[in-house]
Amino acid sequence: MSSCDPIIEVKNLYVNFYTYAGVVKAIDGVSFRICRGETYCLVGETGCGKSVTAKSLTRLIRSPGRIEKGSVIYYRDGKPVDLLKLGEEELRGIRGAEISYIFQDPSSSLDPLYTIGYQVAETMKEHGRVASIKEGIRRAVDILRTVLMPDPETRVKNYPHELSGGMKQRGVIGISLSNKPRLVIADEPTTALDATVQDQIMDLLKKLKAEEDLTVLLITHNMGLVADMCDRVAVMYAGRIVEEADVFELFANPKHPYTQALLRAVPNPMKRMDKLESIPGTVPNLIFPPSGCRFHPRCPFAMDICSRERPPDLEVAPGHRVACWLYTEHGGR
Ligand code: SF4
């Protein structure tokens, strides 16, 4: 993407988890960049490494996980900073302020002992945006109004257990936006919510993105959300990015056999379907990941080389990259 003004660039990221059963090679050489102002999606099945990648960006990986190598270059006022090398204190100044998160389960993101207003205020005070909690609580009313919380003057005094699931997630979004971040990482932000509330929250995110001039990294397994929300998409499988493209290009012209299978598995309300397509086989155990292309045991086009060597990352069209041997002299496509 030639006109990309990158806000963050992940290069060759490797993350392992050291468990009693063995070393889980969760992220295996992931690289991508997010352009300022876009919504970039990481999509894939549960366990493919989307959330681990998102948490690695600001070093939120906890033991037994470890970031082994790679870099996460964040462009802070135009200057590149490697977040994996930054001191903890300086990183804390970025995390929650310039880069903030919305996690999937609002109940576990909120502290049950404090009111929603206090939690918004505390986040702002921690990053020096308000001088006192009292001032923060006053500002929290406006923030809750921005995230379309009904009756924000009352809700600001409510504890999490007094709010519905949708209200809690609006509260979490309010906390996340309270310091005017540049990049918001939304990790399956609606998975724990009812379908109607999901729509409202995604509409809210779209509205806020436009109003607050945000860049969004959206983590999801839902191709419908990808189509609705994203500018560019990276498809992950077993700890690797297998394809990346502009959202229209990806849906119109998927290249990787895994992406093609994922799209075939999406129900189409315009077509009569007797049964949903599924991808044969199971997600691999990442303690013993398949050699070569990690998708080869499930791929209908697998060739000899696929089980032997990792496929190269190829640019098949401007801004469209795919990691698959089919697009080399071996596959002849
Ligand atoms: Fe299939 Fe081989 Fe391509 Fe992997 S590299 S997706 S196994 S054709």
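Order of listing sets the numbers, starting from 1, for every ligand and every atom in it.
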**Asked** Taking all non-hydrogen atoms of both residues, which atom of R62 and which atom of F17 are closest, and how far apart?
**Response** O-CE2, 4.3 Å

**Message:** Using a 3.5 Å distance criterion without hydrogens, assess whether the side chain of E162 forms a donor-acceptor pair with backbone atoms of Y159.
**Reply:** yes

**Message:** In the structure I gave you, are the side-chain heavy atoms of Y114 and E122 within less than 4.5 Å of one another anywhere?
**Reply:** no

**Asked** Taking atom 3 (Fe) of ligand 1 as the center, what protein N, O or S atoms are found at less than 2.8 Å?
**Response** C324 SG

**Prompt:** With the threshold set at 4.0 Å, does a side-chain nitrogen-carboxylate oxygen contact exist between R145 and D142?
**Reply:** yes

**Item:** salt_bridge(K55, D187) N-O dist < 4.0 Å
**Value:** no

**Request:** Run the salt-bridge test on D213 and R36 with the 4.0 Å N-O cut-off and return the result as yes or no.
**Result:** no

